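Not measured: the values here are computed from a predicted model. All residue numbers in this chain count up from 1 along the given sequence. Remember, it's 1-based here, ligands and their atoms both numbered in the order they're listed.
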Amino acid sequence: MTRPVVIIGGGLAGAEAAWQLARRGVGVELYEMRPQRATEAHATADLAELVCSNSLRSASLTNAAGLLKEEMRRLDSLIIRTAEACRVPAGSALAVDRDRFAAAVTAEVESLPGVKIIRAELEAVPADGVTIVASGPLTSPALSRSLESMLGARQLYYYDAISPIVTAESIDRSIAFSASRYDRGGDDYINLPFTREEYEAFIDALLAAEKVPAHDFEDLRYFEGCLPIEEMARRGRETLAFGPMRPTGLTDPRSGKRPFAVVQLRQENRERTLYNMVGFQTKMTYPEQKRVFALVPGLAHAEFVRFGSLHRNTFIDAPRQLRPTLQWRARQHIFFAGQITGVEGYIESAASGLLAGINAARLVRRERAVAPPATTALGSLLAYITDPERKDFQPMNVNFGILPPLSPAPPKKIKKELMVERALADIEIWLAAIGEQRGPSPALKVQSH
Ligand SMILES: Cc1cc2nc3c(=O)[nH]c(=O)nc-3n(C[C@H](O)[C@H](O)[C@H](O)COP(=O)(O)OP(=O)(O)OC[C@H]3O[C@@H](n4cnc5c(N)ncnc54)[C@H](O)[C@@H]3O)c2cc1C
């Protein structure tokens, strides 16, 4: 008899991990604190409750979120199967009837042999035994405190401050120029220069843009050192030009002069396929970000792989704390899964729970923990969040920009199709190599309509 694996949190990641463990015959004790203890966003006692949108994003294979779903489908994901059974029409997106979805996941997990759901808060990671920490962005204060002392100072964050990211190939290089301030550091940054007129038009659009209202529990006083750009503009029209958009130490090679203001783009990955807008955290809605940022010289046709945001979000410094297998670097029998690892989004959270479940089962069976190749959507996301070279870590969603580029570079219009082909071929090879079976799986009790 082996000891059951302890899972802390019955959200998207925890429920998926429990399913993967049970399928492999491993016992589970799943601790979920609701309804005894509420979070600021959940409204029910169900597992896998969707706290905001009812969309699990694109179902199309030429979208990275769609590719991740297909990989999860091949790994027999409970979340994907249930979502498909509870689907509501939403164009090319996979949207669900949220109540039916959460109730169905709860019923499935409750009926799994060897899974015991304990409705209680766990205030610390157990001293021994295999554990998966999947307590989410709203991890209870007591557990957060004990994680802080377990991980070490400044290794757990309570808010994210995310700057938008664009693909390198969508930046207009006839306008942008590469340079570091005062030529220190070579040409590390891509600079997007503004004239005064362009700057004024940008500030007008920024001030008028629609913003996402903060949740009641999001106390923005925490962000004095990291203000959203629209708040800076509200405090004074020139604040940005003296802050993140200051042009000091930069000369536009086209004019030979210092621009009135600049947006700096910093390299986001080693392959230089992605760049983030330095200091551009914002609470503008996504469509407004697309519209307003198109006014930045050089970004008129930019492709955004991540939009900016500021959220209440508990997450760890994964590049320093986690292996790509989702094991804690310091103790391999402790796994992290879900939003707390620094992945961003429902599907990403569930996908990390899926791998943590597979690996916890492997550890119990004394097999080596594994991670999918970086050419897959899941593998690339894990490689991204656990890259020890990454500084100033902020959460990341799945997107094609984090997948390794194809070589030789194909024409742009078939690039995504070829990346999908490579990812699906590689996940099959990986599955065969690690000896994980695709099925057969127990039939879902929820009937699709
Ligand atoms: C307000 C808000 C809105 C969001 N909206 C979206 C969105 O629209 N789309 C999107 O893709 N992503 C969204 N996210 C991000 C993220 O995808 C979701 O939070 C997702 O639910 C994360 O999955 P998870 O399993 O990591 O955490 P959760 O689904 O939150 O699950 C964690 C579980 O752990 C439990 N728990 C916490 N502490 C303890 C403890 N000490 N002991 C026992 N149980 C505990 C909680 O009650 C919870 O049930 C949102 C996040 C927040 C905070």
> Does a side-chain heavy-atom distance below 4.5 Å link H301 with D172?
Replying inline: no
> If you count the atoms of ligand 1 from 1 in the order shown, which ones are under 4.0 Å from a heavy atom of S53?
Replying inline: 8 (O)
> Will you find, in the side chains of D426 and T376, an N or O donor that is under 3.5 Å from an N or O acceptor?
Replying inline: no
> Of the choices Y346, Y31, F336, F315, which has the non-hydrogen atom that lies closest to atom 7 (C) of ligand 1?
Replying inline: Y346
> Against heavy atoms of L143, which atoms of ligand 1 measure under 4.0 Å?
Replying inline: 41 (N)
> How does I8 reach ligand 1, if at all, at less than 4.0 Å between non-hydrogen atoms: by side chain, backbone, both, or neither?
Replying inline: side chain
>> Using a 4.0 Å cutoff against the non-hydrogen atoms of G136, which atoms of ligand 1 qualify?
In response: 26 (O), 27 (O), 32 (C)
> Is E32 in polar range of ligand 1, meaning some N or O pair under 3.5 Å apart?
Replying inline: yes
>> Below 4.0 Å, non-hydrogen atoms only: which portion of A48 touches ligand 1? Side chain, backbone, both or neither.
In response: neither
> Are any of the heavy atoms in S55 under 4.0 Å away from ligand 1?
Replying inline: no
>> When you compare ligand 1 with C52, is there at least one nitrogen or oxygen pair between them that comes in under 3.5 angstrom?
In response: no
> Should you measure from each heavy atom of A120, which atoms of ligand 1 turn up under 4.0 Å away?
Replying inline: 43 (C)
>> Tell me the closest heavy-atom pair linking L61 and L424, and the distance in Å.
In response: CD1-CD1, 4.3 Å
> Which atoms of ligand 1 are found less than 4.0 Å from any heavy atom of G338?
Replying inline: 26 (O)
>> Looking at K211, I'd like to know if its NZ atom is crowded, meaning that more than 12 non-hydrogen atoms belonging to other residues, nucleotides or ligands lie closer than 6.0 Å.
In response: yes
> Between H311 and ligand 1, which part of the residue brings a heavy atom under 4.0 Å of the ligand: side chain, backbone, both or neither?
Replying inline: neither
> When you look for heavy atoms under 4.0 Å from ligand 1, do you find them on the side chain of A350, its backbone, both, or neither?
Replying inline: neither
> Counting only heavy atoms, which portion of S140 has something under 4.0 Å from ligand 1: side chain, backbone, both, or neither?
Replying inline: both
> Side-chain contact, heavy-atom cut-off 4.5 Å: R234 with L207?
Replying inline: yes
> Have T273 and E271 got a donor and an acceptor in their side chains that come within less than 3.5 Å?
Replying inline: no
>> Can you see whether S146 engages S149 through a side-chain donor-acceptor pair at a distance of less than 3.5 angstrom?
In response: no
>> If you count heavy atoms of other groups shown closer than 6.0 angstrom to NZ of K391, is the number above 12?
In response: yes
> In ligand 1, which numbered atoms sit nearer than 4.0 Å to a non-hydrogen atom of L122?
Replying inline: 40 (C), 41 (N), 42 (N), 43 (C)
> With a 4.5 Å limit on heavy-atom distance, are the side chains of L355 and L382 in contact?
Replying inline: yes
>> Would you say that F336 contacts I132 through its side chain, given a criterion of any heavy-atom pair below 4.5 Å between the two side chains?
In response: no
> Among E40, R37, Q339, H42, whose heavy atom sits nearest atom 30 (O) of ligand 1?
Replying inline: H42
> Looking at R34, which atoms of ligand 1 are within less than 4.0 Å of one of its heavy atoms?
Replying inline: 47 (O), 49 (O)
> Side chains of V105 and E16: does their closest heavy-atom pair fall under 4.5 Å?
Replying inline: no
> Of all the atoms in ligand 1, which lie at a distance below 4.0 Å from a heavy atom belonging to A134?
Replying inline: 32 (C), 34 (O)
> Taking distance alone, with no angle check, do I340 and ligand 1 share an N/O pair under 3.5 Å?
Replying inline: no
> Do V51 and ligand 1 have an N or O pair less than 3.5 Å apart?
Replying inline: no
>> I'd like to know whether CZ of R119 has more than 12 heavy-atom contacts from other residues, nucleotides or ligands below 6.0 angstrom.
In response: yes
